[in-house]
2 protein chains.
Amino acid sequence: MIESTPVSVDVLTLRFDPTARTVLLGVAPRAFEPFAGALALPGVLLGKGERLREAARRAVRDKLGAPEEAITASGQLTTFDEPSRDPRGPTLSIALWATVDPARLAGGAATWPPLADVPPLAFDHDRIVADCRPLLADRLWRDVAFTAGLLGREFTTAQALDVTESLTGDRPYPANLGRIMERLPGLARTAQHAAALPKGGRPPSVWRWTS
Amino acid sequence: MIESTPVSVDVLTLRFDPTARTVLLGVAPRAFEPFAGALALPGVLLGKGERLREAARRAVRDKLGAPEEAITASGQLTTFDEPSRDPRGPTLSIALWATVDPARLAGGAATWPPLADVPPLAFDHDRIVADCRPLLADRLWRDVAFTAGLLGREFTTAQALDVTESLTGDRPYPANLGRIMERLPGLARTAQHAAALPKGGRPPSVWRWTS
DNA sequence: TCAAAAGTGTTGTTGATACACCCATGA
DNA sequence: TCATGGGTGTATCAACAACACTTTTGA
């Protein structure tokens, strides 16, 4: 009988900060060896019979200290199988994404660096983040659950621009992004307008998910 | 300590049959319970420290009876985590694709139904095939390793049309597919022409990977 | 009234689709 | 010489990017 490989689920937890106007990644210092004290993605060993999303929720709750109600959506990314990625021995790491609602976050040991500027992490988590970033950027405006999870039920054009810039690296023209959103089924421009940004300027329109 | 979930690697093994002009999927009858005798995707339990592609090669070799040299390329698809997918208890299934060179296939217990018409399979393998088919179609002409693995180092426009039809479900216009291939870096039209098809017609040009 | 930022309209480019027509083969 | 089917050229349409110009706010 072949001995089986332990499976860990590592989560890229994303949160949009409207004040900093960027997407943040949830990381937390490790409590135990190896890499005790070093920052790492929240991760747990997959329990027998546990589903991947359940494990991801558990990781976000236990490692980032976020209540489960704060998790708005989650999904699969890829699997990392380098045998040497964990010094304790070969383990598989299945990467998942999760989005959280900043309003429902209680304290916790987590730090939230901008996704565009993540400090060095434990294990091969730098590589995981690097490899998964394009996958996340690709999901925006394509995967409704992901986009809605990140932006919330209601958001402004300005916020949509900020999120897109954080994920893809460059800022689209407001006009063009507006047209992308108008074409998106399940999303509609409301009649309302939000307050203008601190520096002034025309107040952006508010968008809402219809379904 | 949490008990860990066994991980199996299940492989969608693809092969292009130039005579039947379709892409075939490798399946084999199961030797043991559960589902003994029923057709299934080749799959093995992932060994400790084993890489996913190694396990995939092992599955194709042991379950389909194909020599490892016949495998031309392989890669990841998705993970299936329904706890009830195996009656023996919860297991994870990581789906991989592999392409084989029909010329290098020795006998073996495998059957090769067309990918478009796969008979009912054991476990949740029907669902795996159904879910992964769009992923495979999406890789064609995008993932060079996949496309080259399936078509071989040298192929004709007619074969490219056949493969595209098998994977996507409809046959592109030869002119348009020709332009897609011309834009593809690493692929070039040669000066040669293949023999015409049995029914006659203009002999198709031969394409070759340059890198 | 000026700066800032969203929104409207317009234009050019690119990719995909579709098709008319030309070419090369087997029967 | 006809049916078959690949190859060339062209038209059409949608998506996207880019930008001039207008509108609405705060200072």
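Below, read A as the first sequence line, B as the second, and so on, with proteins coming before strands; counting in each chain starts at 1.
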Discussion item. Applying a 4.0 Å non-hydrogen cut-off, can you work out what A158(A) is touching in the nucleic acid: base, sugar-phosphate, or nothing?
Written reply: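 It contacts sugar-phosphate atoms only.
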
Discussion item. At 4.0 Å (heavy atoms only), tell me whether R183(A) reaches a base, stays on the sugar-phosphate, or touches nothing.
Written reply: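 The residue R183(A) makes sugar-phosphate contact but no base contact.
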
Worksheet item: When you look at I128(B) and R85(B), which way does the side-chain contact (heavy atoms from CB on, under 4.5 Å) test go after all the steps?
Response: CA-CA 11 Å; I128(B) 294 182; R85(B) 51 174 301 281; 4.3 Å; yes

Worksheet item: Where each residue is assigned the nucleotide of DNA chain D containing its nearest heavy atom, which of L197(A) and V206(B) is assigned the position nearer the 5′ end?
Response: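 First, find each residue's nearest nucleotide; the 5'-ward one identifies V206(B).
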
Roughly, in whole Å, what's the span from [atom1] in [X] to [atom2] in [N]?
{"X": "L140(A)", "N": "dC16(D)", "atom1": "CG", "atom2": "P", "result": "13 Å"}
{"X": "N176(B)", "N": "dT14(C)", "atom1": "CG", "atom2": "C1'", "result": "14 Å"}
{"X": "L177(B)", "N": "dA16(C)", "atom1": "CG", "atom2": "P", "result": "11 Å"}
{"X": "Y173(B)", "N": "dC19(C)", "atom1": "OH", "atom2": "P", "result": "4 Å"}
{"X": "Q159(A)", "N": "dA6(C)", "atom1": "CD", "atom2": "C1'", "result": "14 Å"}
{"X": "E182(A)", "N": "dA14(D)", "atom1": "CD", "atom2": "P", "result": "16 Å"}
{"X": "R21(A)", "N": "dA4(C)", "atom1": "CZ", "atom2": "C1'", "result": "11 Å"}
{"X": "R171(B)", "N": "dG5(D)", "atom1": "CZ", "atom2": "P", "result": "9 Å"}

With the side chain of [X] defined as its heavy atoms from C-beta on, choose the nearest nucleotide among [options].
{"X": "L161(A)", "options": "dA6(C), dT10(D), dA18(D)", "answer": "dA6(C)"}
{"X": "R202(A)", "options": "dT22(D), dG9(D), dA24(C)", "answer": "dT22(D)"}
{"X": "R179(B)", "options": "dG9(D), dA18(D), dA6(C)", "answer": "dG9(D)"}
{"X": "K199(B)", "options": "dG6(D), dT4(D), dC19(C)", "answer": "dT4(D)"}
{"X": "A196(A)", "options": "dG9(C), dG26(D), dT23(D)", "answer": "dG26(D)"}

Worksheet item: Does the side chain of W207(B) come under 3.5 Å of the side chain of T157(B) through a donor N or O and an acceptor N or O?
Response: yes

Worksheet item: So, Q159(B) side chain and T156(B) main chain: donor-acceptor pair closer than 3.5 Å or not?
Response: yes

Discussion item. Determine whether a donor-acceptor pair (N or O, by modelled atom type, separation under 3.5 Å) exists between the side chain of D124(B) and the backbone of R127(B).
Written reply: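 No.
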
Pairs of donor and acceptor atoms involving the side chains of residues 100-122 of chain B, under 3.5 Å and at least two apart or interchain, shall be tabulated with distances.
residue	atom	partner	partner atom	Å
D101(B)	OD1	A103(B)	N	3.0
D101(B)	OD2	R104(B)	NE	3.1
D101(B)	OD2	R104(B)	NH2	3.4
R104(B)	NH1	E69(B)	O	3.2
T111(B)	OG1	V27(B)	O	3.4

Worksheet item: Are any of R189(B)'s side-chain N or O atoms less than 4.0 Å away from OP1 or OP2 of dT8(D)?
Response: yes

Worksheet item: Is the distance from OP1 or OP2 of dG7(D) to the nearest side-chain N or O of T157(B) less than 4.0 Å?
Response: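 Yes.
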
